[in-house]
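Atoms within a ligand are numbered from 1 in the order they appear, just like the ligands themselves. Atom set for the values below is all heavy atoms of this structure, side chains included, hydrogens, waters and symmetry mates excluded. Here the structure is a predicted model, which is why all the values come from computation and not from measurement.
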Amino acid sequence: MIVLGIESSCDETSVALVKDGKKILANIVASSLKLHSKYGGVVPEIASRMQLESIASVFLEAIKVAKISPKKIDLISCTITPGLPGSLFVGISFAKALALSLEKPLLGINHVYSHIYANFLCHNNIKLPVIALVVSGGHTSLFYIKDFSNIQVIGQTNDDACGEAFDKVAKILGLGYPGGPLIERLAKRGDKYKIKFACSGTKNELDFSFSGIKTSVLYYLKGKKVNTCIKQDLAACFQETVINTLIKKALIACKRKNVKQLLIGGGVAANSNLRNKFLASTKESGITCFFPSISLCMDNAAMVSGLAYQLNKQGAKDNLYLNVQFN
Ligand code: KG4
Ligand code: ZN
């Protein structure tokens, strides 16, 4: 079964063709990231305009790379939530037009869940139930997954998302956007033991809070002459504290649910320090930790196609009234 997926929740426009939820035939990603950098974050109006400008050519490129006639597509899927409404509208409208003109079924997909599915595109030995941790620019959540149509949220952030905290700290340090990769690079030369930071406590043990640590970074710099050395130490200590918090909570979740497999997904999962520390800590606890490849941690449509295949197999389908899901 060949599923066409469309991802347009933020600043990436992506179209993919995936066979049987596994084999990626094409996964084309265009990004408007560069246009947002000077504003220190994604500007929704610019993002949606660029979605509109890119979507047709990204679709044509995907068809060309996959060497597939559109008639051979069995299902059209697209991200419907969460994301920037204007950007989502573009992908959804394009998906509906394709479904109508090709006379194919249509299915809307949750972006956060598709980040988790990215692991199934890369690994064959994952067995449900699992605990999943999504760490992206907009979300930080822990899930207990028995089945993709039965996903239970067991922890989430009370304020900033993890990627958002990386982006905000990078902004404080004058590094640019997106902040995650810039903090990671800077942290490599820093002393991670130099400054003691902590993430704020949460009422639910499995929830997260990252806005306090961002403020601590701001206070630490107050009145100091900021040089490269201070920035490096700060990046290293901030990153270390955030990663340790994520690991601690993910391990508690595995223990609480008596689950031995942990899936990580989302943009922050591209952080090499995070990957290495998670792999070491989970191994110690007898848990197998999975990550998607670096490129599949980022927003892409292959993960949308893959999840759509799974859900469609279980009977899920939508009609042409499909729209952005606000909640
Ligand atoms: O999943 P994603 O591409 O988009 C959303 O769904 O939000 O995640 C983007 C986020 C940004 O906040 C970015 O700073 C962060 O992922 N990110 C990283 C790294 N690469 C991207 N954070 C830490 N380390 C990285 N290497
Ligand atoms: Zn994402």
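Here the protein heavy atom with the shortest distance to atom 18 (C) of ligand 1 is Gly180 CA, 3.5 Å. The protein heavy-atom contact nearest to atom 13 (C) of ligand 1 is Asp167 OD1, 3.8 Å.
A cation-pi geometry, defined here as NZ or CZ lying under 6.0 Å from the six-membered ring centre and within 45° of its normal, does not hold between Lys214 and Phe210.
At a 4.0 Å cut-off, not a single heavy atom of His139 sits close enough to ligand 1 to count as contact. The shortest separation from a heavy atom of Pro181 to ligand 1 is under 4.0 Å, placing the residue in contact. Heavy atoms of Gln239 come nearer than 4.0 angstrom to ligand 1 in no pair at all.
Backbone and side-chain nitrogen or oxygen atoms of Gly163 are examined, and one is located within less than 3.5 angstrom of a nitrogen or oxygen of ligand 1. The N/O atoms of Phe166, backbone and side chain alike, include none that comes under 3.5 Å of an N/O atom in ligand 1.
With ligand atoms numbered from 1 in the order given, ligand 1 contributes 1 (O), 6 (O) to contacts under 4.0 Å with heavy atoms of His115. Near His111, meaning under 4.0 Å from any of its heavy atoms, are these atoms of ligand 1: 6 (O). Listed by atom number, the atoms of ligand 1 under 4.0 Å from Gly138 heavy atoms are 7 (O). Taking every heavy atom of Gly137 and a limit of under 4.0 angstrom, the matching atoms of ligand 1 come to 5 (C), 7 (O), 8 (O), 9 (C), 10 (C), 12 (O).
Ion pairing between Glu184 and Lys188 holds under the 4.0 Å rule for side-chain N and carboxylate O.
Ring centers of Phe238 and Tyr220: at least 6.0 Å apart, outside the cut-off.
Looking at Asp299, Val268, Ile183, it is Val268 that brings a heavy atom closest to atom 15 (C) of ligand 1. When the heavy-atom distances from atom 17 (N) of ligand 1 to Gly267, Cys297, Ser9 are ranked, the shortest goes to Gly267.
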